[in-house]
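Each remark here refers to the structure printed beneath this line.
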2 protein chains.
Amino acid sequence: MQKVTINVVAKHAGVSKKTVSRVLNNEPNVSDATKQKVRAVFDELGYRPSPVARALATNQSLLIGLVYDNPNKSYVSEIQEGALSSCDDKGYHLIIHPTDHNGEHLLSNIDSLLIESRLDGLVLTPPFSDMPDLLNLLDSKETPYVRIGATEFCNVAEQNRVLSVISNDQQAAYQMTKYLISLGHHRIGFVKGHPDHPVSEQRYSGFLTALEDAGITVRQDYVQQGYFNFSSGEDCGRRLLSLDQRPTAIFASNDYMAAGILKVATQRNVSVPHELSVAGFDNAPISGYIWPSLTTVRQPIFSMAESALDILIDRIQKRPAPEKAIELPSELITRESTAPLR
Amino acid sequence: MQKVTINVVAKHAGVSKKTVSRVLNNEPNVSDATKQKVRAVFDELGYRPSPVARALATNQSLLIGLVYDNPNKSYVSEIQEGALSSCDDKGYHLIIHPTDHNGEHLLSNIDSLLIESRLDGLVLTPPFSDMPDLLNLLDSKETPYVRIGATEFCNVAEQNRVLSVISNDQQAAYQMTKYLISLGHHRIGFVKGHPDHPVSEQRYSGFLTALEDAGITVRQDYVQQGYFNFSSGEDCGRRLLSLDQRPTAIFASNDYMAAGILKVATQRNVSVPHELSVAGFDNAPISGYIWPSLTTVRQPIFSMAESALDILIDRIQKRPAPEKAIELPSELITRESTAPLR
DNA sequence: TTAATGTTTGACACCGGTGTCAATAAGTTG
DNA sequence: CAACTTATTGACACCGGTGTCAAACATTAA
């Protein structure tokens with residue numbers, strides 16, 4: 001049984017291979033009769049065109065690379081799934097590239113990646129979305145790309161730089177803080193995220209603004225520096241709960257740190273949420289698996305990835321792209337760890 | 001600046017493109033002088049061969065597909081990373097394919113996947129590793145594949161069927177149970193995993209065998225049916241802790257269920273590990289983020305994926321493959337949730 | 001010195017599609 | 001019915017590499 005190529009189909013249908021190609025791609029100017037005939041042969045022979053040959057001829061691989069460097073498995077996983085959702089719809093395939101963002105040869109690595117994987121485009125996630133050198137490289141090679149969760153818009157003079165999908169962490173943190181205030185809390189502690197990560201500043205800023213708007217002055221000893229991991233949450237929790245006048249609510253910049261605080265509270269017999277409300281950020285899986293379950297913010301990660309790919313594919317196919325960053329709303333998820341102040 | 005193809009390099013170096021190709025692939029019978037000359041032009045022009053053209057000419061895409069259907073993000077993530085680790089080393093790229101294993105058109109989907117993604121081979125994870133129809137399909141198309149965590153070896157008559165990498169869950173469960181017994185526990189409860197999942201039976205069997213070997217008779221009311229998720233763990237925990245004579249230790253078939261049990265114990269003021277030891281399985285991230293932290297079993301997921309890819313790539317390149325399944329050992333991780341019986 | 005063998009090289013077809021352009025068939029208009 | 005469009009089709013080059021095979025050259029054996 002020989003392989004079914006376009007030549008075989010052509011011979012079988014008694015037409016030229018170009019005509020077969022036309023039918024394949026739904027090009028105009030093929031008579032209905034011919035179309036029928038060729039399609040019948042497709043079915044009969046079970047013909048599938050070779051994507052590789054197509055890629056060579058059209059210079060389009062239908063392959064998109066996803067670059068990330070994030071220890072948060074569930075974040076990565078949601079990004080992947082969102083990305084795939086769009087890819088599947090549009091016939092693209094996703095090649096994943098976890099990459100050390102501090103790597104020495106980062107730029108040349110990404111460079112060879114583009115070539116070796118013959119990618120049509122690249123999806124950048126934080127922190128790659130905000131690396132000017134990388135963006136410059138991609139621009140110079142005219143590689144289509146899209147940025148997820150970018151915080152800076154770089155040189156907006158260049159149109160493609162704008163292509164990005166974000167969620168508004170500042171706003172979400174603002175909402176969460178307002179929510180805690182609406183529960184009657186005034187003495188609210190805050191645990192900042194890793195200083196290297198741009199979202200840390202955004203979340204903190206949302207917190208500050210909400211306090212300001214409510215006319216509450218920020219106590220510096222209520223603000224602790226965390227590092228996005230469980231143990232830094234424990235540390236900050238210990239410090240906050242050791243204060244003479246301890247906060248009645250603590251807002252941690254992510255769920256792992258919030259979980260650490262919960263642990264410390266449990267150890268010290270501080271009852272959550274009766275004596276202390278705790279809120280997190282990210283809606284990490286853990287937030288549902290600890291008790292009390294965690295009030296948190298769900299970011300639209302899946303949708304962000306999905307939109308990002310829509311934009312990227314539009315760009316690859318030279319269709320018009322949005323003028324500015326697309327912003328998708330986060331969602332406040334209230335669970336058991338927060339309660340009105342008694 | 002025109003694109004640097006093999007023809008350009010050939011012209012520049014004053015040799016035929018075939019000779020360039022020879023240098024590129026380190027083929028023998030090229031004079032040193034020529035080699036130097038051509039290599040110099042590579043550098044000068046920054047030439048990178050087109051993987052697409054190569055794929056067309058050699059019928060090798062260097063693309064490998066990873067098929068999975070697993071809600072456990074960290075499992076998937078480890079599999080991906082292990083797989084990538086081998087792929088990177090050998091110049092392959094990984095295309096991920098989360099796929100509904102109950103999907104109606106599963107077989108035809110995988111079929112088109114093979115063609116559309118022009119894959120050289122396929123990595124199957126549970127439950128795909130054990131689907132005879134799928135294996136038959138792949139065999140019939142002579143697609144190289146490797147199975148991770150397969151429990152059945154199907155028709156060993158066919159050589160490739162054997163290609164699989166496993167961890168011995170039965171044995172690991174046996175060890176864990178023996179460990180609990182060594183702590184002095186006799187009244188040990190067990191929470192089974194999802195009945196559809198082959199490993200459930202294996203873990204249960206390991207538990208049973210260990211009890212048997214220790215001369216302990218199994219009490220049926222100590223064995224509860226769970227479904228691998230948190231809430232089923234809570235349910236089983238409630239049942240076990242409501243028994244007149246409750247167990248002094250509970251071994252849950254995975255960490256999520258163990259976490260559910262921990263939650264119920266906390267709610268009922270049953271102190272873990274003083275009054276109750278709890279053990280899980282999988283070393284899920286959550287096992288370190290709850291308190292007391294969970295004694296569990298770490299499976300060599302990363303290494304399994306890594307070996308699987310080594311095997312697969314060997315097979316793709318027609319190198320000799322191992323005769324039988326490769327078995328990698330699991331590791332007992334003791335943390336705070338288990339203690340000697342007082 | 002000649003024949004036999006081994007090394008180095010390039011011409012050319014080929015992988016399986018798509019793009020260009022010209023040839024032919026069909027349809028319209030005056 | 002001639003002249004002009006428009007629709008349909010195929011020949012052929014091309015994408016950028018690799019495989020085959022024979023020619024040219026160098027080396028060794030007889």
Side-chain angles (χ1 to χ4, degrees), chain A residues 1-39 41-42 45-63 91 114-120 317-318, chain B residues 1-39 41-42 45-63 91 114-120 317-318:
Chain A
M1 189 187 75
Q2 80 161 334
K3 207 197 288 192
V4 183
T5 71
I6 197 171
N7 289 299
V8 177
V9 174
K11 206 161 295 172
H12 220 84
V15 298
S16 75
K17 66 189 223 178
K18 179 63 215 186
T19 298
V20 177
S21 169
R22 289 198 179 92
V23 175
L24 211 50
N25 296 288
N26 293 312
E27 284 176 29
N29 300 333
V30 181
S31 75
D32 286 346
T34 313
K35 244 181 257 179
Q36 304 298 330
K37 196 170 49 180
V38 174
R39 292 231 174 88
V41 178
F42 285 170
L45 268 45
Y47 168 69
R48 311 293 306 260
S50 152
V52 174
R54 274 183 148 154
L56 182 59
T58 61
N59 204 25
Q60 292 233 338
S61 66
L62 300 181
L63 258 29
L114 283 172
I115 298 168
E116 279 163 26
S117 314
R118 71 221 85 165
L119 302 176
D120 281 347
Q317 300 177 348
K318 316 273 183 199
Chain B
M1 189 188 78
Q2 80 161 332
K3 206 194 289 189
V4 182
T5 70
I6 196 170
N7 289 298
V8 177
V9 174
K11 206 161 295 172
H12 220 84
V15 298
S16 75
K17 65 189 221 175
K18 178 64 213 185
T19 297
V20 177
S21 169
R22 287 198 179 92
V23 176
L24 211 50
N25 296 288
N26 293 312
E27 284 176 30
N29 301 333
V30 180
S31 75
D32 286 345
T34 313
K35 244 181 258 181
Q36 305 296 332
K37 195 171 48 178
V38 174
R39 292 231 174 86
V41 178
F42 284 170
L45 269 44
Y47 169 69
R48 310 293 309 260
S50 152
V52 174
R54 272 184 151 155
L56 182 59
T58 61
N59 205 25
Q60 291 234 339
S61 65
L62 300 180
L63 259 28
L114 284 171
I115 298 168
E116 280 163 26
S117 314
R118 70 220 87 163
L119 302 176
D120 281 348
Q317 301 176 348
K318 318 269 183 201

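In the text below, chain A, chain B and the rest are named by the order of the sequence lines, each starting its count at 1. Model, not experiment: these values are computed from the prediction. Side chains are part of it too, since the values below use all heavy atoms of this structure and drop only hydrogens, waters and symmetry mates.
- Note on residues 50-60 of chain B: pairs passing side-chain hydrogen bond (donor to acceptor under 3.5 Å, both in side chains), not counting sequence neighbours, are B:Asn25-B:Arg54.
- The distance between atom NZ of A:Lys11 and atom C1' of C:dG16, rounded to the nearest whole Å, is 13 Å.
- Taking atom CD on A:Glu27 and atom P on C:dT18, their separation rounds to 8 Å, with Å as the unit.
- DNA chain C lies under 4.0 Å from at least one heavy atom of each of the following residues of residues 53-60 of chain A: A:Ala53, A:Arg54, A:Leu56, A:Ala57, A:Thr58.
- Remark: A:Lys17 is not in phosphate contact with C:dG16, judged by side-chain N or O atoms under 4.0 Å from OP1 or OP2.
- In this structure A:Gln317 satisfies the side chain to side chain contact (heavy atoms under 4.5 Å, CB included) test together with A:Tyr92, A:Ile313, A:Arg319, sequence neighbours excluded.
- When all heavy atoms are compared, the tightest approach of B:Leu62 to B:Asp120 is N-OD2, 2.7 Å.
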Report all interatomic pairs (protein N or O, nucleotide N or O of nucleotides 5-9 of chain C) with separations under 3.5 Å.
from: C:dT8; atom 1: OP2; to: B:Asn29; atom 2: OD1; distance (Å): 3.3
from: C:dT9; atom 1: OP1; to: B:Ser31; atom 2: OG; distance (Å): 3.2
from: C:dT9; atom 1: OP1; to: B:Thr34; atom 2: OG1; distance (Å): 2.5
from: C:dT9; atom 1: OP2; to: B:Ser31; atom 2: N; distance (Å): 3.0
from: C:dT9; atom 1: OP2; to: B:Thr34; atom 2: OG1; distance (Å): 3.3

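- Atoms CZ (B:Arg48) and P (D:dC15) sit 21 Å apart, rounded to a whole Å.
- The side chain to side chain contact (heavy atoms under 4.5 Å, CB included) check on B:Lys18 picks up B:Ser16, B:Ser21, B:Arg22, B:Glu27, with sequence neighbours excluded.
- Computed from coordinates, the B:Asn7 CG to C:dA11 P distance equals 12 Å when rounded to whole Å.
- Remark: B:Leu119 engages B:Leu63, B:Ile95, B:Leu113, B:Leu114, B:Ser117, B:Leu122 in a side chain to side chain contact (heavy atoms under 4.5 Å, CB included) (not counting sequence neighbours).
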Pair up each side-chain donor or acceptor in residues 4-14 of chain B with any protein partner under 3.5 Å, not counting sequence neighbours, and list the distances.
from: B:Thr5; atom 1: OG1; to: B:Asn7; atom 2: N; distance (Å): 3.2
from: B:Thr5; atom 1: OG1; to: B:Val8; atom 2: N; distance (Å): 3.4
from: B:His12; atom 1: NE2; to: B:Glu44; atom 2: OE2; distance (Å): 3.2

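- B:Asn26 is linked by a side chain to side chain donor-acceptor pair (under 3.5 Å) to B:Arg39, counting only residues two or more places apart in sequence or in another chain.
- Considering every non-hydrogen atom in both B:Leu56 and A:Val52, the closest pair reads N-CG1, 3.4 Å.
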Please tabulate, one pair per line, each protein N/O and nucleotide N/O from nucleotides 25-27 of chain D that are separated by under 3.5 Å, including the distance.
none

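- Comparing the end axes of the helix from C:dT1-D:dA30 to C:dG30-D:dC1, each fitted to five base pairs by superposing C1' atoms of four pairs onto the next four, gives an inter-axis angle of 40° (nearest 10 degrees).
- To the nearest 0.5 Å, atoms CZ (B:Phe42) and CG (B:Leu24) are separated by 4.5 Å.
- The minimum heavy-atom distance between B:Ser61 and B:Ala55, with the atom names listed, is CA-CB, 4.0 Å.
- Between the C1' atom of C:dG19 and the CG atom of A:Leu24 lies a distance of 15 Å, rounded to the nearest Å.
- Donor-acceptor pairing under 3.5 Å, judged by distance alone, is present between the side chain of A:Lys18 and the base of C:dG19.
- Across C:dT18, C:dA11, D:dG16, the shortest atom-to-atom separation from the side chain of A:Asn25 is found for C:dT18.
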